[in-house]
Structures are given as C-alpha cells and as structure tokens.
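Structure, as structure tokens:
Side chains are part of it too, since the values below use all heavy atoms of this structure and drop only hydrogens, waters and symmetry mates.
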Amino acid sequence: MDADKVFRALADPSRRQLLDWLHGGNGQTLGELCEDLDMTRQAVTKHLALLEDANLVVTIRRGREKLHYLNPVPLHEIHERWIGKYERRRLQALHELKKGLEAKRGEGRPPKEERDGQARIRVRHVYSHHA
C-alpha cells in the first residue's frame, strides 16, 4: 500500500463523497455515479482515476459497462497503522478502569452511585503513563 496516495486521495471532499456513494451502493457505473453527484462526468472520471490509483476503488468490466467498487483494504491498513495504535492505550486504560471498578463492587459495599444516587467516579492518572 502506498499510504501517500491513499492520504492524497482522501484529502479531497469530492473523492470522499464518491467513496461514500460506493459504500452505500457498490458496483456503480460512471453514469450512475454522475447522476447523484453535482460534478461533471470528466471531474468524476478524474476523481475515480485517483481513487483507483490509490487502490481505494477497483473496477470490473461487465460487457460494455465498467463497474466501480469500494476497496476497504487500504482504509483498514491506514486505520491499523495510523489510528489503531493511538487508540490501544486509551482502550487499555478504560479496560483497567473497568476491572478496578468491578473489583471494588465485589468488596461487599454497594457502589457509590447506589449509596447516594449519584455516579461519582474519580479517575486519577489514567493517561499519565501515556502522555
């Protein structure tokens, strides 16, 4: 995967709109895509070419028609490389918080919110290790 091509392709709102349309209805022809978008046929063609170059859209010929399909694999790879690794720490911190709260609940005392009707949970240093 060429991440630069994917990021460049995603940088344009018109191309993101095309991806959204394909996500909603995969396997559309150029004509079908042009019907719903406020773009010229030439503009849609250029945007689709950039999306194809980034491997975000793949095409299949069916007779005289060229069908366009969303390829989610590069998006998944971007998520794994650029988003997922940053979220893991937060998710781990939330998991540890949940385990701690569940352990306190098991100590025989009702949770604070059951004692006074208000949920008051203090979380200290959850992100201190990762800041």
Side-chain angles (χ1 to χ4, degrees):
M1 175 194 67
D2 187 344
D4 289 338
K5 286 182 179 182
V6 174
F7 280 115
R8 252 183 263 122
L10 294 173
D12 185 272
S14 297
R15 288 191 286 275
R16 291 192 306 269
Q17 186 179 18
L18 277 167
L19 292 175
D20 286 340
W21 279 106
L22 288 173
H23 179 263
N26 233 350
Q28 296 185 53
T29 65
L30 177 62
E32 290 169 334
L33 289 168
C34 290
E35 285 175 12
D36 297 323
L37 299 171
D38 191 26
M39 287 188 262
T40 65
R41 190 175 183 90
Q42 293 79 13
V44 173
T45 300
K46 286 182 181 183
H47 286 303
L48 285 171
L50 285 166
L51 290 168
E52 284 181 61
D53 190 44
N55 199 27
L56 290 165
V57 170
V58 294
T59 59
I60 297 175
R61 289 227 177 252
R62 187 179 66 192
R64 296 176 59 190
E65 293 181 318
K66 185 177 178 182
L67 303 176
H68 300 83
Y69 292 88
L70 173 66
N71 178 17
V73 173
L75 295 173
H76 176 73
E77 290 173 355
I78 292 289
H79 178 269
E80 286 296 307
R81 169 66 176 93
W82 293 101
I83 298 167
K85 73 177 182 181
Y86 296 108
E87 290 299 313
R88 281 187 197 106
R89 291 181 182 149
R90 282 191 213 158
L91 293 172
Q92 183 62 37
L94 289 172
H95 176 71
E96 289 171 13
L97 173 63
K98 179 180 182 272
K99 281 186 357 187
L101 292 172
E102 287 171 347
K104 279 188 175 186
R105 180 174 274 181
E107 293 175 352
R109 248 174 52 161
K112 176 84 171 145
E113 64 268 17
E114 289 178 16
R115 283 185 274 141
D116 66 4
Q118 294 179 353
R120 293 183 187 168
I121 300 170
R122 284 188 236 159
V123 179
R124 292 181 282 149
H125 309 294
V126 172
Y127 294 105
S128 65
H129 304 299
H130 310 295

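Inter-residue side-chain proximity for Arg61 and Glu65 is flagged as unmet; no heavy-atom pair is nearer than 4.5 Å. Side-chain atoms of Leu19 and Leu10, non-hydrogen and from C-beta on, do get closer than 4.5 Å to each other.
Checked against salt bridge (charged side-chain N to carboxylate O under 4.0 Å, His left out), Lys98 has the following partners two or more places apart in sequence or in another chain: Glu102. In terms of the side-chain hydrogen bond (donor to acceptor under 3.5 Å, both in side chains) criterion, Gln17 has no residue partners (sequence neighbours excluded).
To the nearest 0.5 Å, atom CD of residue Glu35 and atom CD of residue Gln28 are 9.0 Å apart. Note that CG of Leu30 is 8.5 Å distant from NZ of Lys66, once rounded to the nearest 0.5 Å. With rounding to the nearest 0.5 Å, the separation of CG in Leu97 from CZ in Arg90 is 14.5 Å. Atom-to-atom distance recorded for Leu70:CG and Leu56:CG is 7.5 Å, nearest 0.5 angstrom. A distance of 9.0 Å separates CG of Leu18 from NE2 of His68, quoted to the nearest 0.5 Å. Asp12 CG to Lys46 NZ: the interatomic distance, rounded to the nearest 0.5 Å, is 12.5 Å.
In this structure a side-chain-to-backbone donor-acceptor pair under 3.5 Å is present from Asn71 to Asn55. A donor-acceptor distance shorter than 3.5 angstrom exists from the side chain of Glu32 to the backbone of Thr29, with no hydrogens or angles considered. Side-chain atoms of Arg15 come within 3.5 Å of backbone atoms of Ala9 as a donor-acceptor pair (strictly under, hydrogens ignored).
Residues Phe7 and Leu48 are members of one and the same hydrophobic cluster, defined by side-chain heavy-atom contacts under 4.5 angstrom among Ile, Leu, Val, Met, Phe, Trp and Tyr.
More than 12 heavy atoms of other shown residues, nucleotides or ligands fall within 6.0 angstrom of atom CG in Asp20.
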Would Val57 and Tyr69 satisfy side chain to side chain contact (heavy atoms under 4.5 Å, CB included), going step by step from the backbone distance to the final call? CA-CA 5 Å; Val57 170; Tyr69 292 88; over 6 Å; no
May I have the step-by-step check of side chain to side chain contact (heavy atoms under 4.5 Å, CB included) for Trp21 and Leu37, ending in yes or no? CA-CA 9 Å; Trp21 279 106; Leu37 299 171; 2.9 Å; yes
Run the side chain to side chain contact (heavy atoms under 4.5 Å, CB included) check on Val58 and Glu52 step by step: do they pass? CA-CA 6 Å; Val58 294; Glu52 284 181 61; over 6 Å; no
Working for side chain to side chain contact (heavy atoms under 4.5 Å, CB included), residues Met39 and Ser14: CA-CA 9 Å; Met39 287 188 262; Ser14 297; 3.9 Å; yes
